[in-house]
**Student:** 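Structure provided below as structure tokens; questions to follow.
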There are 2 protein chains.
Amino acid sequence: MVVVRQIDVARVAGVSQTTVSMVLNERTGGSARISEDTRERVLSAIKKTGYVANPIAQSLAGHRTGMFGVFAFEPMFTAEAGGFYTEFLGGIEAAGEAARKDLLLFTSTVLDEPDNHIYRRNENRLRLTDGAILLGNGEPKMELARLHEDGFPFVYIGRREIPNGEISYVSADYAAATADLVERLVAVGHERLCYVGTGADASASIDRRRAFVDTLRDAGLPVDRPVPAGHGDYAAVRQAVEAGATALLVEPPVGIDELTAVIERAGYRVPADVSVALLGDVHGHSVRPDDWSGYRLPRWEMGMQAVKLLVRLMEDPGGPARRVVVPCLPHDGCTVAPAPRPGRDRR
Amino acid sequence: MVVVRQIDVARVAGVSQTTVSMVLNERTGGSARISEDTRERVLSAIKKTGYVANPIAQSLAGHRTGMFGVFAFEPMFTAEAGGFYTEFLGGIEAAGEAARKDLLLFTSTVLDEPDNHIYRRNENRLRLTDGAILLGNGEPKMELARLHEDGFPFVYIGRREIPNGEISYVSADYAAATADLVERLVAVGHERLCYVGTGADASASIDRRRAFVDTLRDAGLPVDRPVPAGHGDYAAVRQAVEAGATALLVEPPVGIDELTAVIERAGYRVPADVSVALLGDVHGHSVRPDDWSGYRLPRWEMGMQAVKLLVRLMEDPGGPARRVVVPCLPHDGCTVAPAPRPGRDRR
DNA sequence: TTGTAGGCGTTATCAC
DNA sequence: GTGATAACGCCTACAA
């Protein structure tokens, strides 16, 4: 690999290396002005030598790399991920292209110690990039805090909070989407709605539960306690259905397929007897997504907005954290139907 | 963004910057040996100052970046691409992780001039990486030639040739897969097989056609001329079916859905009257892939092998080009059936 | 065992 | 207009 440097070009053109740099960067501002003659000599020397700039040296001297990092805390293209990330990446790619940034995907997130991924030893490979988009299900508070402390510009896809400070993120409007879903169910006659969740206290869960409760209350309907499920245990869900619930709002990552199987084994049909709606996306491939009613994460849009946010963040270094909330996408599958008529035996 | 450099650490520890570098790189070999005492002082100074290495400076001095480039000549995560790239990326990601390389995806491939993507002006951003995987449908001969001339290590996913030299690639074994497919069709009674292609002379097409012809000849069956199709024109295919063909081997990117529609509109059923098999993958989302019989590209495996090849390439700079041929994956969908019994009216 | 000095290839600031 | 010269932050002979 023959390396031609600016100095080689300079020798051929009979000028100094500085001049070559100036010609290449068209530095006309300030005190620098290149005569047309010199300019031509340099350009022809470039052509003759086949000079190509070394982007690493440019980065070191110029303080930017032209790359955005994408950090996922787990592999993105596995069968288990089931395409969860590709839509985010679509938005990131499109916006990255507009911002003229290439994307650095960090792969080596799993081989090492399970914690402390971004920083390992005394390295932080994110720093190779001008800024980064982070995504994933984790809550890597310590790393985010350190990144924030270091003043490194980044945006999380998904709402995240850290102890001492505020970070920028793009989040989905779970609350509005859940409220809307409840209203739609109520509109088609459902009166006993049941929230099936993991019991997690992630902010997304809190938003969803609150919207569920508030909307039901506003509609003057009874509000049952959320029903726990998951880990193969759907007994409580079954009880709720037998007690008269006609619509289940299921929070990922509860296994909606298994849950449905349990319901049908108990003698109820989905959606004729019981409607099932999914509150957001499923991470993984266990589910044929199009079949399920509920709402979806606007993943492409979130990726897109994250990059835009990052760009704005970098235009105003030292500025405050910024947040964007993106509406979810209502989705009509085949698991929601009008409520069964009261009095009819549902078995 | 406060930057702590090795020299800052050195000052705190009361040593030279070289010593800090040595401690960080555990350079015990050769003439360098650090006393336990100094080492501790340096380490505690690192902790105290919060030093984090600057990967760009490391790259410039160390001549490697820890990144592999992935260059696709088009956006990878669009709806049009329809997930075509993600499986390749899965293999690339897995192997990249093993090789401890992050992946740099080049986005800005479309905005600029339609030709000359890798090199634009006097830049080649691929050089930011230690080596690159290229993929895509194009035949960017000039760029590949220049890249090869520059001695930059890269592997193409898909067979590619250049005028003066040989490049490394990973390709799918279309020939074997096509031969196998023909044999399977013959085994279930088909005697009039028809090759439907674009007429392109890409090497993959040539391989497929030759395997088709050879295998039929070996079986003692008649070999009809390949039938052209595409661009909405399937008249020739219809004629072939009416002339007695019972199995169509369709070469992407022929629109297999449209083609089938034409056949069925002509009064034939797929697969009862006519079997349809796909010779490879469809780039795009026009097709529900699982429904189609034929064979598939081993995309994950190809991505994986490409990275492994690249690693080997880099271990032996100046070595010859290397090639890997990966078997295709036979796929049973619902478009192939035994031949209709002769004499029976197929309409 | 540690430090000095030169280099990696570029950009940017001044004198001339 | 052009060219020294000094960063940029790190690595690595070689010298001490």
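In what follows, chains are A, B, ... by sequence order, proteins preceding strands, each numbered from 1. On a predicted model such as this, the values are computed, not experimentally measured, just so you know.
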**Student:** Could you pull out the closest heavy-atom pair between A:A321 and A:S168, with the gap in Å?
**Tutor:** CA-OG, 3.4 Å

**Student:** Quick one: does A:S16 reach the base of D:dA4 with a side-chain donor-acceptor pair under 3.5 Å?
**Tutor:** no

**Student:** Which residue lies toward the 5' end of DNA chain C, A:Q17 or B:S35, if each is placed at its nearest nucleotide?
**Tutor:** B:S35

**Student:** Kindly indicate whether the side chain of B:T18 and the base of C:dT4 share any N or O donor-acceptor pair separated by less than 3.5 Å?
**Tutor:** yes

**Student:** Do you know which two heavy atoms are closest between B:H148 and B:E166, and how far apart they sit?
**Tutor:** NE2-O, 3.3 Å

**Student:** Please determine if a side-chain N or O atom of A:N54 lies less than 4.0 Å away from the OP1 or OP2 oxygen of C:dT10.
**Tutor:** no

**Student:** Measure CZ/A:R127 against P/D:dC10 and give the value in whole Å, please.
**Tutor:** 8 Å

**Student:** Expected output is a numbered-order residue list: members of residues 4-13 of chain A with a heavy atom under 4.0 Å from any atom of DNA chain C. What is it?
**Tutor:** A:R5, A:Q6

**Student:** Is the number of heavy atoms from other residues, nucleotides or ligands under 6.0 Å of B:K141 NZ greater than 12?
**Tutor:** yes

**Student:** Out of the candidates A:V70, A:L134, A:L104, only one should pair with A:L126 under the side chain to side chain contact (heavy atoms under 4.5 Å, CB included) rule; please name it.
**Tutor:** A:L134

**Student:** Can B:R322 and B:D316 be counted as an ion pair, charged N to O under 4.0 angstrom?
**Tutor:** yes

**Student:** Can you measure A:N122 atom CG to D:dC10 atom P for me and round it to whole angstrom units?
**Tutor:** 11 Å

**Student:** Please step through ring pair (Phe, Tyr, Trp, His ring centres under 6.0 Å) for the pair B:F73 and B:F71, ending with a clear verdict.
**Tutor:** CA-CA 6 Å; B:F73 296 97; B:F71 198 101; 4.9 Å; yes

**Student:** Take the protein atom CD of B:E123 and the nucleotide atom P of C:dG9, then report the distance between them rounded to whole Å.
**Tutor:** 17 Å

**Student:** Can you classify the ring geometry of A:Y85 versus A:F88 as parallel (below 30°), tilted (30 to 60°) or perpendicular (above 60°)?
**Tutor:** tilted

**Student:** Kindly say if A:T38 contacts the phosphate of D:dT2, meaning a side-chain N or O under 4.0 Å from OP1 or OP2.
**Tutor:** yes

**Student:** Scan residues 56-67 of chain B against DNA chain D and write down, sorted by residue number, each residue with any heavy atom closer than 4.0 Å; if none is found, say none.
**Tutor:** B:A57, B:Q58, B:A61

**Student:** Heavy-atom count around B:N164 CG within 6.0 Å, excluding the residue itself: above 12?
**Tutor:** no

**Student:** Atom CE of A:M22 to atom P of C:dT11: distance rounded to whole Å?
**Tutor:** 11 Å

**Student:** Would you tell me if any nitrogen or oxygen in the side chain of B:T19 comes within less than 4.0 Å of OP1 or OP2 on C:dT2?
**Tutor:** no

**Student:** Phosphate oxygens OP1/OP2 of C:dT10: is one of them under 4.0 Å from a side-chain N or O of A:N25?
**Tutor:** no

**Student:** Looking at every non-hydrogen atom in both residues, tell me the closest pair between B:F84 and B:R299 and how far apart they are.
**Tutor:** CD1-NH1, 3.0 Å

